[in-house]
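Read through the structure below, which is laid out as structure tokens, and then see the notes.
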2 protein chains.
Amino acid sequence: MRKIAAEVGVQAGALYNYTPDKQSLLFGLMQNHMQDLLALHEENARNDDPMAQLEAFTRFHIRFNLERADAVFISYMELRNLTPANFAAIEELRGRYEDRLEAILHQGIAAGVFEVPDPKIATLAVIAMLTGIGTWYRPQGRLTLQQVEAIYWDMVRKSVAR
Amino acid sequence: MRKIAAEVGVQAGALYNYTPDKQSLLFGLMQNHMQDLLALHEENARNDDPMAQLEAFTRFHIRFNLERADAVFISYMELRNLTPANFAAIEELRGRYEDRLEAILHQGIAAGVFEVPDPKIATLAVIAMLTGIGTWYRPQGRLTLQQVEAIYWDMVRKSVAR
DNA sequence: GTCTATATTCTGATAGAC
DNA sequence: GTCTATCAGAATATAGAC
């Protein structure tokens, strides 16, 4: 709290005009983050064929996670510091996001363009692979965002291909 | 330190007969973990064709990470609490492990059995995908370890396929 | 080698003046 | 709404008895 206050330019006590306690502040950050993720993904989603939907999901997830690397980092590292009730609420939002990718995979299987033995697991595998970019990507690094997107889309596409 | 002492069954002060400070204790745990990873992987590795090597790596990484879920969790979550020098030492070990997968990919590309636009990135992508299993896998869950290995090997194989 | 006791620092949170 | 001052508890680490 003292570090946050210093960053904002006030004393620690002043923060309590804006949040009842530290837990609420953390939960609010994480809830906003997940709600932004769901809302922005909804805007971004198209009702194309499954392959186009999967590509859109992949590129959206990469961009969203890299543009908000700090929030993603906190949302992952501070999960264990949420109360059980708050943890459950965040997990519910995370589950909703995962369900959207899983739905795309089911559509692709039904259409005969994907071959996925376990869509739930494939969903988690793809998201883990893409989210992992945040641990090494740097804007001034060797690869542009466009190149990163292209490389990962190639791997995602092939990993669920027939 | 108090929690560790309680778990062991001594008072907090007694721990300082075994470690000079908390940082050294954490670093020792993480260093041992990474050295075990490298040593066990070396035992496990075969000098087969690239496809067999990649399958062995995939299955080894899954098993190692699930059998030591606690150590993996700590090694990831506590990275930010290492001093810069200790952090660099752990990253060096991690890099050596990644290099082994990258070498397999390079062999497969040279042999014409893999098609990977960027072997370094593919290495990170595969490891992130596999390590992510630790966030959801439970021994009493829906899938056996054998089934998990099969599903992920299918995805890894396809993601780097020609 | 472990204990009790304690020094020191840090933390989240509150009280009351302005 | 922010400040100063402070409380209460927790943390790492040390000292000295046994």
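Small disclaimer: the values here were computed from a predicted structure and weren't measured. Here is how names work: the chains are called A, B, and so on, in the same order as the sequence lines, proteins then strands, and each is numbered from 1.
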Next on the checklist: Tell me the interatomic distance from B:Met1, atom CE, to D:dT14, atom C1', rounded to whole angstroms.
Outcome noted: 12 Å
Item to check | Between P of D:dA11 and NZ of B:Lys3, the distance in whole Å | outcome: 6 Å
Checklist entry - Rounded to whole angstroms, how far apart are CG on B:Asn17 and C1' on D:dG16? => result 13 Å
Checklist entry - Going by the angle between their ring planes, with limits at 30° and 60°, are B:Phe64 and B:His33 parallel, tilted or perpendicular? => result tilted
Next on the checklist: Output the rounded distance in Å from CD1 (A:Ile4) to C1' (C:dC10).
Outcome noted: 15 Å
Checklist entry - Under the 3.5 angstrom rule, does the side chain of A:Gln107 hit a backbone N or O of A:Pro50 as a donor-acceptor pair? => result no
Checklist outcome for this item: Taken to the nearest whole Å, OH/A:Tyr16 to P/D:dC3 is 14 Å
Next on the checklist: Around atom CZ of A:Arg162, are there more than 12 heavy atoms from other residues, nucleotides or ligands closer than 6.0 Å?
Outcome noted: no
Checklist entry - Rounded to the nearest Å, what distance is computed from the CD atom of residue A:Gln11 to the C1' atom of nucleotide C:dG12? => result 15 Å
Checklist entry - Roughly how many Å is it from CZ in A:Arg2 to C1' in D:dA5, rounded to a whole number? => result 11 Å
Item to check | Aromatic ring pairing A:Phe60/A:His41, orientation class (parallel under 30°, perpendicular over 60°, tilted between) | outcome: tilted
Checklist entry - Atom OH of B:Tyr18 to atom P of D:dA13: distance rounded to whole Å? => result 17 Å
